[in-house]
S.K.: 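Before I ask anything, here is the structure I am working with.
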Amino acid sequence: MVISSIDLKGGHVVQLKNGKELVLQRDDADALIKEFDKYGEVAVIDLDAAMGNTNPKGDTVNTPLLKSLLRKGNVRTGGGVRSVKRARELISLGAEKVIIGSSAWKKNPENNSDVLNTEFLDELVAAIGKQRIIIGVDALNGKIAVKGWTETIDVPLIEGAKLAEEYCSELLFTCVEKEGCMQGTNLEMAKELRAAVSCRVVVAGGVSSEDEIETLEKMHCDVQLGMALYTNKVSLKNAFVRCLDWQKTGGMIPVIAQDERSREVLMMGYANREALEKTFETGKLTFFSRSRNTLWTKGETSGHFLDVVKLRADCDRDTILATVKPNGGACHTGSWTCFTSAPDEKSTLERLYATISERFANPKPGSYTATLDNKRVREKVEEEAEEICEADGKDEVIWEAADLLYFVSVLMYKEGINWQDVYNELDKRHKEK
């Protein structure tokens, strides 16, 4: 599958040729990550950090933008990650994985045992876990490239990759001499690398066509793509479809629909290529009916459409998880999901918050919620906090907790905060420990 790349330099989104020559510059990072995240993971790379253009705290001009992007999708990040502290910070801020480049390698290894900076890598694995680590095996003329690709060390790609695999869940291979040139990558080198290691391999540098992406997918390599996306040489929609294992599934891919808010599974259906193309075109989840032998868009009769947020193929590329926003019950029986008989969405903090938002946006006569101003809602939070502390027994605690959560949700709404913001803060605290 394709991992879309957002490279940051000087506070802008850029694409460079061979890591040096500026080819394009943009300032629409938020729009880019929203689009890229629909189809797969996103890599956000701080090029200034990779080049050492940092302040004493290790930050660059890109840091505010980088931090704002880390929780806007399934994001991995890299560029100048030179300390365990920095790696832990990036994970706590929302990065799913960190990419380690030059810091993984020793500048002048005397023998194979000296190739890796094992002291740093051992500490990093202990701090964030092997599964969160990607090591860059960037190669220039077959040798490991470091320091923003300005230098190489006397270590062949394959030898270095075999040693690095012990400390990571993925290897990111960039063919430096092909990077940004739009002339194709080094497929033979990628094939040799894939055969040499057992971990996930992501190929970058020069990939310029959907045919090449499909070839690499069949080699069980993922692709990190930049220039080809920005110049419209490659369509993410087409690449997503071509990376699926249509032969194994007989031309029909199972698609599981999951509620974005509650993460509840709503339904499952099947899609052929045409159904996926219509999903991309309309933004509404579309299936192929095997019994009626025709396409059908969920909600075309009931109005209960499933608006697509993002799609993810599983590791075998034979099943799709579609994250959706439902507009009513998903089941033809009238139930909220196809796996229960309940007609309504189950109660969650997100559902409560959405109801409160609706009450303020479209106040109804007699709505208590709509009467709560900033002063009154804070008074109620204080009152309910005291009452839950004085509650006696399980039932009273439940009752008072429900009241407190309601008023806290109103206060959050008024301050422009949602429950995902709170979850993010809790996640950050958990990962900082």
Side-chain angles (χ1 to χ4, degrees), residues 1-47 50 62 65-66 68-70 72-79 96-97 99 134 136 138 170 172-187 190 201-217 221-244 276-277 279-281 283 308-313 317:
M1 301 303 288
V2 171
I3 299 166
S4 304
S5 186
I6 298 178
D7 297 344
L8 305 177
K9 190 174 189 297
H12 309 284
V13 178
V14 302
Q15 282 293 291
L16 307 181
K17 183 177 179 180
N18 302 132
K20 299 175 182 178
E21 179 185 341
L22 180 65
V23 177
L24 61 86
Q25 178 175 298
R26 300 171 59 157
D27 292 296
D28 57 347
D30 284 346
L32 285 171
I33 198 166
K34 183 178 180 180
E35 177 65 16
F36 290 165
D37 188 58
K38 288 181 183 178
Y39 308 103
E41 299 163 270
V42 181
V44 181
I45 311 299
D46 188 335
L47 295 180
N62 306 310
L65 179 56
L66 169 65
S68 76
L69 295 174
L70 289 181
K72 293 183 177 177
N74 298 119
V75 177
R76 55 193 48 212
T77 190
E96 294 183 351
K97 297 188 177 185
I99 304 166
I134 303 168
D138 305 333
E170 299 181 33
L172 173 60
F173 162 55
T174 302
C175 184
V176 177
E177 57 264 38
K178 299 283 189 177
E179 173 67 18
C181 296
M182 298 296 295
Q183 297 174 354
T185 194
N186 190 325
L187 290 174
V201 171
V202 180
V203 176
V207 177
S208 57
S209 71
E210 292 161 17
D211 286 342
E212 195 172 12
I213 292 169
E214 186 172 355
T215 297
L216 286 162
E217 177 66 38
C221 293
D222 293 301
V223 174
Q224 186 164 308
L225 213 57
M227 190 73 76
L229 291 179
Y230 293 93
T231 57
N232 297 315
K233 294 290 185 181
V234 167
S235 159
L236 273 178
K237 299 173 184 178
N238 293 343
F240 183 91
V241 172
R242 292 184 66 165
C243 286
L244 297 170
L276 281 180
E277 288 168 3
T279 292
F280 297 146
E281 178 186 345
V308 176
V309 177
K310 63 182 179 182
L311 301 172
R312 292 293 183 269
R317 309 297 190 245

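Just so it is clear, the structure is predicted and the values come from calculations on it, not from any experiment.
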S.K.: Please round to the nearest 0.5 Å and tell me the distance separating atom CG of Leu225 and atom NZ of Lys233.
M.R.: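 That separation rounds to 12.5 Å.
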
S.K.: For the CG atom of Leu65 and the CG atom of Asp30, what is their distance to the nearest 0.5 Å?
M.R.: 7.0 Å

S.K.: In this structure, are over 12 heavy atoms from other groups packed under 6.0 Å from Lys34 atom NZ?
M.R.: no

S.K.: Above 12 or not: heavy atoms from other molecules or residues under 6.0 Å from NZ of Lys9?
M.R.: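 No - once you tally the heavy atoms of other residues, nucleotides and ligands closer than 6.0 Å, there are 12 at most.
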
S.K.: How far apart are the closest heavy atoms of Asp222 and Met1, and which atoms are they?
M.R.: OD1-N, 2.7 Å

S.K.: Apply side chain to side chain donor-acceptor pair (under 3.5 Å) to Gln224 and list each qualifying residue two or more places apart in sequence or on a separate chain.
M.R.: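 Scan of Gln224 (side chain to side chain donor-acceptor pair (under 3.5 Å), adjacent residues dropped) gives none.
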
S.K.: Between the side chain of Asp37 and the main-chain N/O of Asn74, is any donor-acceptor distance below 3.5 Å?
M.R.: yes

S.K.: What are the two closest non-hydrogen atoms of Met227 and Gln15, and how far apart are they?
M.R.: N-OE1, 2.7 Å

S.K.: Could you tell me which residues satisfy side chain to side chain donor-acceptor pair (under 3.5 Å) with Ser5, sequence neighbours excluded, listed by chain and number?
M.R.: Asp7

S.K.: So, for Val2 and Ala239, which heavy atoms are closest and what is the spacing to 0.1 Å?
M.R.: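 Reported closest heavy-atom pair: CG2-CB, 3.9 Å.
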
S.K.: Do you know the tightest heavy-atom contact between Ala190 and Cys221?
M.R.: O-SG, 4.5 Å

S.K.: Which heavy-atom pair separates Ser4 from Leu229 by the least distance, and what is that distance?
M.R.: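 Looking at all heavy atoms of both residues, the closest pair is OG-CD1, 3.4 Å.
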
S.K.: Contact between Val14 and Leu22 at the side-chain level, heavy atoms closer than 4.5 Å - yes or no?
M.R.: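 Yes, side chains in contact.
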
S.K.: Please enumerate all residues that pass ring pair (Phe, Tyr, Trp, His ring centres under 6.0 Å) together with Tyr39, with sequence neighbours excluded.
M.R.: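 Expected list: Phe280.
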
S.K.: Under 3.5 Å, is there a donor-acceptor pair between the side chain of Thr77 and the main chain of Val44?
M.R.: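 Yes, Thr77 side chain to Val44 backbone: donor-acceptor pair under 3.5 Å.
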
S.K.: CZ of Arg76 to CD of Glu41: how many Å apart, nearest 0.5 Å?
M.R.: 4.5 Å

S.K.: Cys243 pairs by side-chain contact (heavy atoms from CB on, under 4.5 Å) with which of Asn238, Leu216, Val223, Ile213?
M.R.: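 When Asn238, Leu216, Val223, Ile213 are each tested with Cys243, the side-chain contact (heavy atoms from CB on, under 4.5 Å) holds only for Ile213.
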
S.K.: What is the distance from atom OG1 of Thr174 to atom CD1 of Ile99, rounded to the nearest 0.5 Å?
M.R.: 8.5 Å

S.K.: Is any side-chain heavy atom of Val23 less than 4.5 Å from a side-chain heavy atom of Thr231?
M.R.: no

S.K.: Report the distance from atom CG of Asn62 to atom CG of Leu47, rounding to the nearest 0.5 Å.
M.R.: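 Separation between the atoms: 7.5 Å.
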
S.K.: Taking atom CD1 of Ile6 and atom CD1 of Ile33, what is their separation to the nearest 0.5 Å?
M.R.: 4.5 Å

S.K.: Flag the pair Lys72 / Val42 as yes when at least one side-chain heavy-atom distance between them is below 4.5 Å, and no otherwise.
M.R.: no

S.K.: Closest approach of Thr185 and Ala204, non-hydrogen atoms and distance?
M.R.: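 Smallest interatomic distance, heavy atoms only, reads OG1-O, 3.9 Å.
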
S.K.: Pair Val202, Glu170 - check side chain to side chain contact (heavy atoms under 4.5 Å, CB included), show working.
M.R.: CA-CA 7 Å; Val202 180; Glu170 299 181 33; 3.5 Å; yes

